[in-house]
Number of protein chains: 2
Amino acid sequence: MITVTSTGGNRTRPLGIPVVAELPARAQAVPCGDCAAREACLPAALPPAQWGMINQAVCVRQHVRREYALYRAGEDFNALYALRGGSFKSYVVGEDGRDQMTAIHLRGEILGTEGIAAARHTSTLVALEDSEVCVIPFGVLRRLSAEYPTVQKWFHRLLGGQIVSNAGMIALLGTGRAEERLAAFLLNLSRRFAARGYSPREFSLNVTRHDIGSHLGLSTETVSRAFSRFQREGLVRVWKQRVQLIDIAGLKRSAGGLA
Amino acid sequence: MITVTSTGGNRTRPLGIPVVAELPARAQAVPCGDCAAREACLPAALPPAQWGMINQAVCVRQHVRREYALYRAGEDFNALYALRGGSFKSYVVGEDGRDQMTAIHLRGEILGTEGIAAARHTSTLVALEDSEVCVIPFGVLRRLSAEYPTVQKWFHRLLGGQIVSNAGMIALLGTGRAEERLAAFLLNLSRRFAARGYSPREFSLNVTRHDIGSHLGLSTETVSRAFSRFQREGLVRVWKQRVQLIDIAGLKRSAGGLA
DNA sequence: CGACCTTTTGAACGTATTCAACCGATGTGG
DNA sequence: CCACATCGGTTGAATACGTTCAAAAGGTCG
């Protein structure tokens, strides 16, 4: 396996000075077998005997520092990315300049599928913390998919799962009040953290109230007020961008069936 | 090719008396080459020399009468459906019983992808008019996809396109006022009708204001008021469920960048 | 015709947004 | 080191928008 240690793209925050990713390849043996995210990743679709093949032919690891972009809307699509460690947010920028966070991605998820249709990325992906991804060139995935039915099935489920989860988001946005949406958002994260072996009751995300608001179709102030209210009611403890879910059952009630 | 003329599922409206689909197969030669929707369908991914193979192995045509369901949420998934003629709406029913229309499907679109992930349909698909679909068994599609790179590419673009269009819907719901949403909805339909050779300026859909409202996250009354206002401003002519777009540029202005 | 559904419109209400001020943390430059 | 600017977050007050409740008109179908 080849490990590429790079800046991981362009920093987004300080007026986006283009920092070309440095690519000084440094060979390092970190096979899929050692990867904490492998159960959700491509190897899960192949017998372990084939992992060596993936290690050599497929995966190139890439570091992305916090606040830096893995890719940006408009760039050519040519690979998917398995999120090995860390987290990302994806967002789009409307014609009027307003940005809208479209998703939060946690370890084990596959990034980049939104670029498949047009062979061009339609959103921008920024690391919320120092993160690491494995690059899966799309051509390789196509080939493996044609060759191994298990890979094909894995890939179809991956894409289908994104369709379903997007549909869930549509349902969330099309119904429910501000607090229901925020509660559903928190519970969704809680479930996903739990599924990855992290605590479902306490986590922190480097996203602003503005990000959350744009994600849920709410204003910054409304998000803040909803957090305050949840805290006043003893449902959560909020400390800056760290959140502790105290009364999950109560939150579910607040989510009103949207959980 | 086998043509199956059936009731096409269960009628939804009158208290859902289960009408089992009758399946009196009646062989009829209607090859893909004669299909008006073929450019968007599977044959587009195969050389015409292979169409005969599809005709024999893949497609089973099925009629679905207006108000009847092609499939329902919870049913097993085992095929995709190419919409040969007519139109469908898909909707989900929340835990509280509220229904929400999630999409409108027009001729040439492929239906059923939301069932891939869980091998079970997550929404219900109801014909808005007497319609006709070609059944594409998923196993066959998997096999063709592995065998023909062009089919694989077609299928990947299909799924990727749904991800992108769902993301667009999320953007629509997360931002914008009621009239912006309705204008964007109408313009979206207009563009899709135009792409299929129908008039982009006049169309009719058998969906109620309630359906549209649930789709856009608005109440029935708000949809009605927005239509009335558009008509007062000379942007559209509305006559029951038929709508004529008079001032498309004005509608785009009303959509405010969401078009 | 009568029952039912859809649509429209009005009025009162409720919720989220907007505008604004303030706080605390962070970072910069003199 | 401190003054100052910036940014994210919080909170209050006024406003705008969509919902809800209510009534009535028009259509459709038995």
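Just so we're on the same page: letters track the sequence lines, and every chain starts at 1.
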Which atoms of nucleotides 25-30 of chain D (N or O only) lie under 3.5 Å from a protein N or O atom, and what are those distances?
none

Query - Candidates A:D211, A:T124, A:T102 - the one meeting side-chain hydrogen bond (donor to acceptor under 3.5 Å, both in side chains) with A:K89 - result: A:D211
Report summary line: note: A:Q241, atom CD; D:dC7, atom C1'; distance rounded to Å ~ 11 Å
Query raised in the report: What is the distance from CZ of A:R232 to C1' of D:dT10, rounded to the nearest Å?
Result: 11 Å
Query - Donor-acceptor side-chain pairing of A:S214 and A:R98 below 3.5 angstrom - result: no
Requested in this report: Give a yes-or-no answer on whether the side chains of B:S254 and B:E179 include a donor-acceptor pair shorter than 3.5 Å.
Outcome: no
Report task. Calculate the interatomic distance between B:L173 atom CG and D:dG18 atom P; express it in whole Å. Result -> 14 Å
Detail all sub-3.5 Å separations between protein N/O atoms and N/O atoms belonging to nucleotides 13-19 of chain C.
from: C:dA16; atom 1: OP1; to: A:A178; atom 2: N; distance (Å): 2.8
from: C:dT17; atom 1: OP1; to: A:S219; atom 2: N; distance (Å): 3.2
from: C:dT17; atom 1: OP2; to: A:S219; atom 2: N; distance (Å): 3.2
from: C:dT17; atom 1: OP2; to: A:S219; atom 2: OG; distance (Å): 3.0
from: C:dT17; atom 1: OP2; to: A:T222; atom 2: OG1; distance (Å): 2.2
from: C:dT18; atom 1: O4; to: A:R225; atom 2: NH2; distance (Å): 2.8
from: C:dC19; atom 1: N4; to: A:E221; atom 2: OE2; distance (Å): 3.1

Query - Short side-chain donor-acceptor distance under 3.5 Å, A:D76 and A:H121 - result: no
**Report entry** Euclidean distance, atom CD of residue A:E67 to atom P of C:dG27 [Å, nearest integer]
**Finding:** 12 Å
**Report entry** Reported CZ-to-OG distance for the pair B:R107 and B:S131, which is rounded to 0.5 angstrom
**Finding:** 11.5 Å
Query raised in the report: A:N206 CG to C:dT26 C1': how many Å, rounded?
Result: 15 Å
Report task. Give a yes or no on whether B:R229 atom CZ has more than 12 heavy-atom contacts from other residues, nucleotides or ligands under 6.0 Å away. Result -> no
Query - Spacing of CZ belonging to A:F77 relative to OG1 belonging to A:T122, to within rounding of 0.5 Å - result: 10.5 Å
Query raised in the report: Residues from residues 209-216 of chain A sitting under 4.0 Å of DNA chain D, heavy atoms only?
Result: A:R209
Query raised in the report: In terms of ring plane angle, is the pair B:F193 and B:F203 parallel, tilted or perpendicular, where the classes change at 30° and 60°?
Result: parallel
Report task. Measure the distance from CD on B:E180 to C1' on D:dC17 and round it to the nearest whole Å. Result -> 12 Å
Query - OP1 or OP2 of D:dT11 under 4.0 Å from side-chain N/O of A:S224 - result: no
Requested in this report: May I have the distance from B:R229 (atom CZ) to C:dT8 (atom P), rounded to whole angstrom?
Outcome: 15 Å
Query raised in the report: Pick from A:R72, A:Q100, A:E114: which one makes a side-chain hydrogen bond (donor to acceptor under 3.5 Å, both in side chains) with A:S123?
Result: A:E114
Query raised in the report: What's the spacing between B:M101 CE and A:I170 CD1 if we round to 0.5 Å?
Result: 11.5 Å
Report summary line: To the nearest 0.5 Å, atom CG of A:L186 lies from atom CD1 of A:I212 at 7.5 Å
